[in-house]
Amino acid sequence: MARITSLAEAIKSAIHDGDTIALEGFTHLIPHAAGHEIIRQGRKSLTLIRMTPDLVYDQLIGMGCVAKLIFSWGGNPGVGSLHRLRDAVENGWPHKLELEEHSHAAMANAYEAGAAGLPCAIFRGYIGGDLPKVNSKIKRVTCPFTGEELAAVPAHRPDVAVIHAQRADKAGNVMIEGVLGVQKEAVLASKRSVVTVEEIVDELPERSLNAVVLPHWTVGHIAEVPGGAFPSYAQGYYPRTNSFYKEWDAVSRERDSFFAWMKENVLTKGPEVFAQHVRKFRTAAE
């Protein structure tokens with residue numbers, strides 16, 4: 001049952017050291033504010049799941065929150081490498097990072113299997129590729145009906161899913177519009193969930209054709225955090241801030257510049273800063 005609370009209280013209650021968590025959002029509605037709160041609260045030894053680890057995972061890894069990454073692609077979209085991820089893999093800084101790499105198809109199917117309460121995902125894939133050589137969790141199974149050989153991977157069953165959405169109503173129902181990614185599946189596959197939203201409204205508006213509503217009984221904690229997806233975008237609220245992604249390449253390249261930025265912009269500030277980042281876009285829209 002959904003509980004509307006502050007972001008700090010939601011993270012404190014839902015996420016613990018050693019948890020497996022999935023912060024999902026595909027180019028859109030990436031939960032940056034929630035990721036920053038995890039860092040501020042000093043969570044450690046986390047296993048992170050994400051189809052496309054980008055800036056917020058680079059920050060979590062660089063701040064020493066992460067022990068293992070389960071993923072299908074990692075990088076700074078349109079720019080290049082994630083330097084904190086590379087430093088952890090290549091040099092063990094701030095500590096060694098275990099990797100479990102999959103294809104996009106495997107990740108999506110694993111979330112769907114977890115949402116359905118199944119132990120594994122079975123699909124056509126990994127034919128002719130090298131990932132099975134480095135990931136022992138990729139298996140081959142034979143269909144008992146057709147004899148076809150198929151791929152199988154464990155279902156994703158995170159302890160916690162963390163997503164950002166446009167709206168929630170006061171009863172705790174959450175509406176996501178636009179690029180949906182695997183946010184719905186991640187929440188349904190997880191034991192607990194934290195959802196940040198742009199605003200809490202009396203009633204949800206009529207759904208568009210490309211929208212989903214998570215009923216209140218599927219959601220754990222809801223926190224109103226305007227701008228909480230910045231620098232990614234929230235359809236109907238603000239665009240993607242491409243300049244930030246370019247700037248992050250220089251900021252994150254060296255350990256000292258990375259930590260100085262994190263200290264100034266994350267450790268000493270709260271989620272209210274996200275509203276300041278996107279206020280100019282809302283003013284322009286009005």
Side-chain angles (χ1 to χ4, degrees), residues 21-36 38-39 46-108 129-131 133-135 162-164 178-179 181-183 186 227-235 238-267 273-274 277-278 281:
I21 64 174
L23 289 83
E24 279 295 351
F26 192 74
T27 75
H28 176 235
L29 298 174
I30 299 171
H32 284 270
H36 286 188
I38 293 169
I39 292 168
L46 300 174
T47 293
L48 296 186
I49 305 175
R50 182 168 164 78
M51 288 188 68
T52 54
D54 52 13
L55 272 56
V56 69
Y57 273 33
D58 207 31
Q59 294 167 1
L60 284 157
I61 291 166
M63 293 303 290
C65 301
V66 187
K68 180 178 179 179
L69 181 63
I70 301 172
F71 72 112
S72 55
W73 176 90
N76 184 341
V79 179
S81 292
L82 293 175
H83 299 296
R84 296 302 93 220
L85 170 59
R86 287 193 64 162
D87 203 4
V89 173
E90 295 174 357
N91 304 306
W93 192 93
H95 51 68
K96 185 178 179 180
L97 180 67
E98 182 182 352
L99 299 180
E100 181 181 319
E101 188 175 358
H102 289 280
S103 67
H104 274 356
M107 293 288 288
D130 288 334
L131 278 177
K133 297 177 183 178
V134 297
N135 186 347
V162 182
I163 67 168
H164 188 74
V179 178
V182 292
Q183 289 99 312
F230 174 88
S232 72
Y233 74 99
Q235 179 174 302
Y238 45 89
R240 186 178 191 266
T241 306
N242 292 318
S243 60
F244 186 94
Y245 288 82
K246 295 177 182 178
E247 292 165 5
W248 184 251
D249 185 71
V251 167
S252 63
R253 191 173 289 270
E254 302 297 334
R255 297 172 186 175
D256 288 345
S257 58
F258 163 74
F259 189 74
W261 190 94
M262 295 298 293
K263 183 177 180 180
E264 179 181 354
N265 294 281
V266 178
L267 299 181
V273 72
F274 282 84
H277 288 315
V278 301
F281 297 116

Check whether any side-chain N or O of Tyr245 sits under 3.5 Å from a backbone N or O of Arg240 as a donor-acceptor pair, and report yes or no. no
Taking ring-ring contact (aromatic ring centres under 6.0 Å, His included) as the definition, give me every residue that meets it alongside Phe230, ordered by chain and number, with sequence neighbours left out. Phe244, His277
Are the side chains of Phe26 and Val182 in touch, meaning some heavy atoms are under 4.5 Å apart? no
Taking Asn76 for the side chain and Leu82 for the main chain, is one N or O donor matched with an acceptor at less than 3.5 Å? no
Judged by atom type as modelled, is there a donor-acceptor pair below 3.5 Å linking the side chain of Tyr57 to the main-chain atoms of Ile49? yes
Step by step, work out the side chain to side chain contact (heavy atoms under 4.5 Å, CB included) result for Asn265 and Val273. CA-CA 9 Å; Asn265 294 281; Val273 72; over 6 Å; no
What residues, two or more places apart in sequence or in another chain, satisfy side chain to side chain donor-acceptor pair (under 3.5 Å) together with Arg86? Ser81, Glu90
If you take all heavy atoms of Asp249 and His83, which pair is closest and at what distance? OD1-NE2, 2.8 Å
Shortest non-hydrogen contact from Pro77 to Leu55? CD-CD1, 4.4 Å
With a 3.5 Å distance limit and no angle check, can you tell me whether Arg84 reaches the backbone of Arg253 through a side-chain donor-acceptor pair? yes
Closest approach of Pro31 to Val56 (non-hydrogen atoms, all atoms of both residues): O-CG2, 4.4 Å
Checking Arg50 side chain against Leu23 main chain: does a donor-acceptor pair fall under 3.5 Å? yes
Whether the side chain of Ser72 engages the backbone of Met107 through a donor-acceptor N/O pair (distance < 3.5 Å, no angle test) should be reported. no
Show me the pairs that pass side-chain hydrogen bond (donor to acceptor under 3.5 Å, both in side chains) and involve residues 24-33, at least two apart or across chains. Glu24-Tyr111
Between CE on residue Met51 and OG on residue Ser103, distance to nearest 0.5 Å: 8.5 Å
Under the rule for side chain to side chain contact (heavy atoms under 4.5 Å, CB included), what residues qualify as partners of Lys96, not counting sequence neighbours? none
So do Ile38 and Ile21 actually touch side chain to side chain, heavy atoms under 4.5 Å? yes
Below 4.5 Å, heavy atoms only, C-beta onward: do Leu29 and Gln235 meet side chain to side chain? no
With a cut-off of 3.5 Å and sequence neighbours excluded, list every side-chain donor-acceptor pair involving residues 60-71.
from: Lys68; atom 1: NZ; to: Glu100; atom 2: OE1; distance (Å): 3.1

Does any non-hydrogen side-chain atom of Tyr233 lie less than 4.5 Å from one of Val179? yes
Output side-chain donor-acceptor pairs under 3.5 Å for residues 255-264, partner residues at least two apart or in another chain, one line each.
from: Arg255; atom 1: NE; to: Asp87; atom 2: OD2; distance (Å): 2.7
from: Arg255; atom 1: NH2; to: Asp87; atom 2: OD1; distance (Å): 3.0
from: Arg255; atom 1: NH2; to: Asp87; atom 2: OD2; distance (Å): 3.4
from: Ser257; atom 1: OG; to: Val251; atom 2: O; distance (Å): 2.7
from: Ser257; atom 1: OG; to: Glu254; atom 2: O; distance (Å): 3.0

